Structures are given as structure tokens and as C-alpha cells.
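This structure is a prediction, so every number in the text was calculated from the model and none was measured. Quick note on labels: first sequence line is chain A, next is B, and so on, each numbered from 1.
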Amino acid sequence: MLKIYNTLTRKKEIFKPKIEGVVGMYVCGMTVYDYCHIGHARVMVVFDTVGRYIRYSGYVLNYVRNITDIDDKIIQRANENGEGYSDLTQRFIDAMHEDERALSVLPPDIEPKATESIADIIAMISKLIINGLAYVGANGDVFYSVTKFKNYGQLSGKNLDDLQSGERVDIDHAKQNPMDFVLWKMAKANEPAWQSPWGLGRPGWHIECSAMSTCCLGNHFDIHGGGMDLQFPHHENEIAQSEGATGEKFVNIWMHNGFVRVNEEKMSKSLGNFFTVREVLKQYKPEIIRFFILSSHYRSPLNYSDEQLNDASAALTRLYTSLRDCHVENIIIDAEYKSRFEDAMDDDFNTPVALSVLFDLARELNKAKEVDTERTNCLSNTLIKLAALLGLLQDDPEKFLKSSVINDADFTDDLVEQQIQARLEAKQAKNWQLADEIRNVLKEQGVILEDAPNGLTSWRREKI
RNA sequence: GGCUGCGUAGCAAAAUGGUUAUGCAGUGGCCUGCAAAGCCAUCUACGGCGGUUCGAUUCCGCCCGCAGCCUCCA
């Protein structure tokens, strides 16, 4: 029985989709004016894992993740680069998809773009004006009137009085209330713009998600996710917009993932302390990044450091090592490990516990290897099948263990094999000194040798 | 200031009102020509002070420390 923590109620709730057997999930995706950083990777990996498990649990999932491809920063960046905004966004959309594939993130079912949803956005704004929740301000922009929406603040636990006393934004005199937010923004000269009943302009940031989510999944759907920082004001405003426009409840469960931190501080573009996915991929194999992300619970903070990535690397190596020389053809899955794994995932996607089940499995597998072929097949199959739900261990073990992110053209696999052969000959001649020297030379190149009892030598690459 | 949340062994990270988390690292052993890998054993814990309880790391209160949101941010 799947339980999910709902930010709206601040409790774990038994998951029950609106329509039996069918789940609609919307996740706020990227604003595409730069490369994805590890914080973005966390959103992608976390909700990919959520999606995989929901499907595994027997639901038909409709997973929507949007792309914000028009906003102030995009316009600004495109101007700085002297390129068209759509050229800019297309480049970073392509880059995002590359990063996503590297991290074994399955593509969402629908990936709507703001610029392709303008008609829906305009329709929703018109509805809000008709319903008396929105108005045209003194500067021509259309604003949402937050005081007209009775439950404003329900998601973030804020109330309007507190917000106003702590107000840090410059008063915009076009607004009736400082907390009002923009739905439609009038275009300045040479800005990308669309025709609307209020003139040439572009959508505000929050309205696109309301329009795209209800458009793809209906007025009322099951799960809406995103980073913690979107809780307020973005998701709060989405509720106000969608419920204000449709008159229906918007979302049943709100899921928010915690931040990636660097030195106990949030990783963010504005702080400039971010590492892009492609930078990190130069140092670590993609699956290590995925493992690292899943090694803490999705709502907890995740501290980014080399030490943590190296730990993830060692841990993943242990799992792959246990799968070495296992022939997975058996379709039987061990019921007890399966059930322990499911219990962990059912408990609000507790991936650290789910991973610990995999390690217990690996230990038993290591023990079974030399003694019980049938059990070995069963356990290795179980390990691979359960790990697949986390998007892990789907590579060939030898391939994973022998691979390296550092492309050393001089130190090929063939050369390693040759050296191993030379060492075997030295060993046969009981020339231990030469054998050890060859092993040390290889070690300096990051190649670790392991002599098996049957006289064969296996090897793997380790980060130097 | 308002509102969230967190504080677990050397590091990372979970669960739990009384019994082994797990991974890395350490120590001892088995294995090995020696290693590595693996296996077995083992040492390090629950921020502080009170309260509830037969019993609290786990529930409650206060304090201290940290992070986040309140402004664009995943």
C-alpha cells in the first residue's frame, strides 16, 4: 500500500488516485536558458523513480513535465548572446534531454512548452477575469488579485498579513496589492510577444503551469511535484489560478523534493555555487550520480561533495561486483527481498532503505555464488529486477567495472589484458616480484586486479 | 520578524517506544604466494535540559545549533 507525504496536509497519506488505476502526475520542469545542474538532476531522477514505482505498482501513469521556454531570463540571455530566444531554448532543451538520458531518466509522457500553450493560457486568464479574480493593472499587465482567493497560503502555511509585513519587494504601483502577481505581461519593444485580448505580451511565470497541467491532466488530478522552493509562491499561485478558474479542487497530493546543497548551502543559480550535470559527468559515471541522488530520501537535503560521490561509487561497485559472472535467465524473484523492497518504496519512496535491501541481497548473493547455482540465479535476478525500479544496475557488470570516465587512449583494455597475461606467466614461473610489479604498474593506471581461485584474473578500473 | 523542516556513530544515511539498518572507513580473523574482491566477527550513535512512560534516540515542552521559504530559483 503506497503512502506519499503530502505537503498540503503535512502528512503521509495512503495513495488513492482520483480514477481507479490511473494516475496523473505533473512536475514543474526546467526553465531552459542554461545547462541543468545537480539540483535539476535531482528533480528529474526523483520523479523518474516515483513514476517508475507508480507504474510498477500497477497504475497507468500519465506523467507530464513542462518546459518553461519563455521568461525574463531567457529573453535577457538571448539578448546577451545576440541570438533568437527560440534558438537559445532549443539548444538547452537538447542539452537537457542529453543529461536526462545519461542519468537513465525515462522521458515524460508529455512535455508541454509554455510557448505552445499560449491559447490555453489566455483562456485561463480570461476565465479568471470573468470570475472576478484578475484585473488589468495601471500599466496594462493583467494581475491576479490574491485577496479574492479565500484559501491563499494553504500550501505554504502562510497568511497574507504575515506576507505583507515581511514584504521585501518594491511596491509596484500597477498592482492593487503588493502580493498580486502577474498573469499577462505587456511586451516591450523587440520582445517576443503573442496577441491577446489585453494586447501584445507574454504569460507570467505561474499561469503556464496551471494552464498546461489542467490541459494535459484535467482540472483535478493526482500528483503535482517540484522542488521545495516552488512551494511558495509558484505552487501557491498555481492553486489560486487553477481553482479560481475551474472552481474545482486542483491537486490531491503535492510532492516537493529537498535541495542539493554545497557546503550546507542551497545549490542555486543565483548563488553561483552549482555544478552542471555535464561537468560532473566528466568526473563520475552517470549511474554514480543517480545512485548518489537516491542514497538520501527525496525530501531530505542532499549535500554535494566529492567524498559523497566517491562513496556512491564504492557502493555501486560493490553491487556490480556481486553480479559478476551471474547468468540471469531465471525469472523467479525472491519473495522476501521483493516484499522488503516494496515496503520501503511504499513508505513515501524510501530509496535509502530500498538500497539497503539491495546490499543485503548482494551479501547473500556473494555467499551463494560458490555453493548454490539456483539460489545465485534467483538472487542475481532479484537484485537486477529490483534495482531496475530505481533505474540502477541495468548495465553489464563487467562493462560497468571496466569503464572509466577518463578516456586514456594509451591504456586500452587490450593493453590491460596483455599485461595480465604477462603477469600470469610470471606467476606460473613463481616470479612473484615481476608479477607484483606488473600489478603495481596497472594500479597506478587505476586498474585493480583480482585473482580468482580458478587461476583467472579479473580486473576493474577505479577512479585514480 | 513570520512560516517550514532538520540535528543519529569517523563520514554518509534510514527505521524504530524495549531486539542487526545499510554503504564507506577502522580493528581482528578466514581466503590468497602476497594482494584485491568476498565472507565472518567487532569498535564508534541518537544536540542539551526537563516531562509523559515500567521503559524514549523514537512522544510532549523548552533551549541551543543548522538549513529553507517569505524575491528569480528544482
Side-chain angles (χ1 to χ4, degrees), chain A residues 7 10 27-31 36-44 46-47 65 68 71-73 153 155-159 161-170 179 205 225-234 236 256-261 264-271 274 291-292 294-297 299-303 305 307-319 321-322 324 340 343-344 347 350-360 362-367 369-370 401 427 430-433 435-436 439-440 443 448-453 457-460 462:
Chain A
T7 308
R10 307 203 183 273
V27 172
C28 287
M30 263 41 85
T31 302
C36 293
H37 63 231
I38 297 296
H40 299 121
R42 192 176 193 189
V43 179
M44 298 196 285
V46 161
F47 287 101
R65 193 190 59 203
T68 297
D71 90 322
D72 290 354
K73 284 183 174 160
L155 179 67
S156 50
K158 300 180 188 304
N159 67 66
D161 295 338
D162 291 342
L163 284 169
Q164 280 162 45
S165 60
E167 180 65 68
R168 280 198 269 155
V169 191
D170 291 338
M179 288 312 296
W205 173 40
M228 297 262 314
D229 48 356
L230 297 183
Q231 212 178 112
F232 189 89
H234 185 58
E236 198 69 71
H256 293 99
N257 65 275
F259 297 124
V260 176
R261 291 194 207 167
E264 301 304 311
E265 202 175 41
K266 177 184 171 182
M267 179 184 287
S268 75
K269 288 187 185 171
S270 41
L271 286 169
F274 62 89
F291 185 98
F292 160 68
L294 295 175
S295 65
S296 91
H297 184 83
R299 283 188 284 116
S300 301
L302 176 62
N303 215 51
S305 68
E307 196 190 352
Q308 291 256 62
L309 269 297
N310 290 334
D311 277 1
S313 175
L316 198 54
T317 298
R318 176 169 163 81
L319 292 178
T321 302
S322 76
R324 254 181 174 167
R340 282 178 59 198
D343 284 349
D347 184 14
N350 196 331
T351 54
V353 172
L355 286 173
S356 80
V357 175
L358 301 188
F359 284 102
D360 288 346
R363 170 169 293 117
E364 200 189 330
L365 173 57
N366 283 330
K367 280 194 271 188
K369 267 183 179 174
E370 301 289 320
L401 294 167
K427 277 177 67 176
K430 304 234 187 271
N431 186 348
W432 306 126
Q433 204 185 340
D436 290 354
R439 188 169 59 196
N440 286 337
K443 195 177 178 196
I448 309 294
L449 301 191
E450 291 163 14
D451 294 338
T457 299
S458 57
W459 62 277
R460 65 193 157 88
E462 210 169 54

Does [X] make a side-chain N or O approach to OP1 or OP2 of [N] shorter than 4.0 Å?
X      : N     : result
A/N257 : B/A74 : no
A/K266 : B/A74 : no
A/K269 : B/A74 : yes
A/N303 : B/A12 : no

Between the protein and nucleotides 20-23 of chain B, list every N/O to N/O distance that falls short of 3.5 Å.
{"residue": "B/G23", "atom": "OP1", "partner": "A/R363", "partner atom": "NH2", "Å": "3.1"}
{"residue": "B/G23", "atom": "N2", "partner": "A/D311", "partner atom": "OD2", "Å": "3.4"}

Whole angstroms only, please: what is the [atom1]-[atom2] distance between [X] and [N]?
X      : N     : atom1 : atom2 : value
A/L302 : B/A12 : CG    : P     : 12 Å
A/L401 : B/G38 : CG    : P     : 11 Å
A/E264 : B/A12 : CD    : C1'   : 12 Å
A/K430 : B/G33 : NZ    : C1'   : 7 Å
A/F292 : B/C11 : CZ    : P     : 17 Å
A/N431 : B/C34 : CG    : P     : 16 Å
A/K443 : B/C34 : NZ    : C1'   : 13 Å
A/L319 : B/C24 : CG    : C1'   : 13 Å

Considering only atom C1', compute the distance from B/C59 to B/C46 and round it to an integer number of Å. 15 Å

Might you list the N or O atoms of the protein lying below 3.5 Å from N or O atoms in nucleotides 3-10 of chain B, with each pair's distance?
{"residue": "B/C3", "atom": "O2'", "partner": "A/G157", "partner atom": "O", "Å": "3.1"}

Any donor-acceptor pair under 3.5 Å joining the side chain of A/D451 to the base of B/C34? yes

I'd like to know if A/R439 reaches the base of B/A35 with its side chain such that a donor and an acceptor end up less than 3.5 angstrom apart. yes

A/D343 with A/R340: basic N within carboxylate O range, under 4.0 Å: no

For the pair A/E264 and A/R261, find out whether any cationic side-chain nitrogen is under 4.0 Å from an anionic carboxylate oxygen. yes

Donor-acceptor check, side chain of [X] to backbone of [Y], threshold 3.5 angstrom: yes or no?
X      : Y      : value
A/E236 : A/S156 : yes
A/Q308 : A/F292 : no
A/T321 : A/T317 : yes

Just say parallel, tilted or perpendicular for the rings of A/F274 and A/H37, cut-offs at 30° and 60°. tilted

Looking for any heavy atom pair under 4.0 Å, which part of the strands does [X] touch: base, sugar-phosphate only, or nothing?
X      : result
A/G153 : nothing
A/K73  : base
A/S268 : base
A/M44  : nothing
A/S300 : sugar-phosphate

Which nucleotide in [options] has an atom nearest any side-chain atom of [X]:
X      : options             : value
A/H297 : B/C72, B/A14, B/A74 : B/A14
A/H37  : B/A74, B/C39, B/G33 : B/A74
A/R460 : B/A36, B/A14, B/C70 : B/A36
A/Q308 : B/A12, B/A15, B/A74 : B/A12
A/K367 : B/C70, B/A74, B/C39 : B/C39

Comparing nearest nucleotides in RNA chain B, the 5'-proximal residue of the pair A/D229, A/A362 is A/A362

Are [X] and [Y] side-chain neighbours, meaning at least one heavy-atom pair lies under 4.5 Å?
X      : Y      : value
A/R65  : A/F47  : no
A/R460 : A/R324 : yes
A/L302 : A/R42  : yes

Could you summarise the pairing of RNA chain B as dot-bracket text, marking Watson-Crick and G-U pairs under 3.5 Å with ( ) or [ ] inside the strand and | across strands? (((((((..(((.....[...))).(((((.......)))))....(((((..]....))))))))))))....

Spatial distance of atom CG (A/L365) from atom CG (A/L358) [nearest 0.5 Å]: 11.5 Å

Interatomic spacing from NZ in A/K269 to NE2 in A/H40 - rounded to 0.5 Å: 4.0 Å

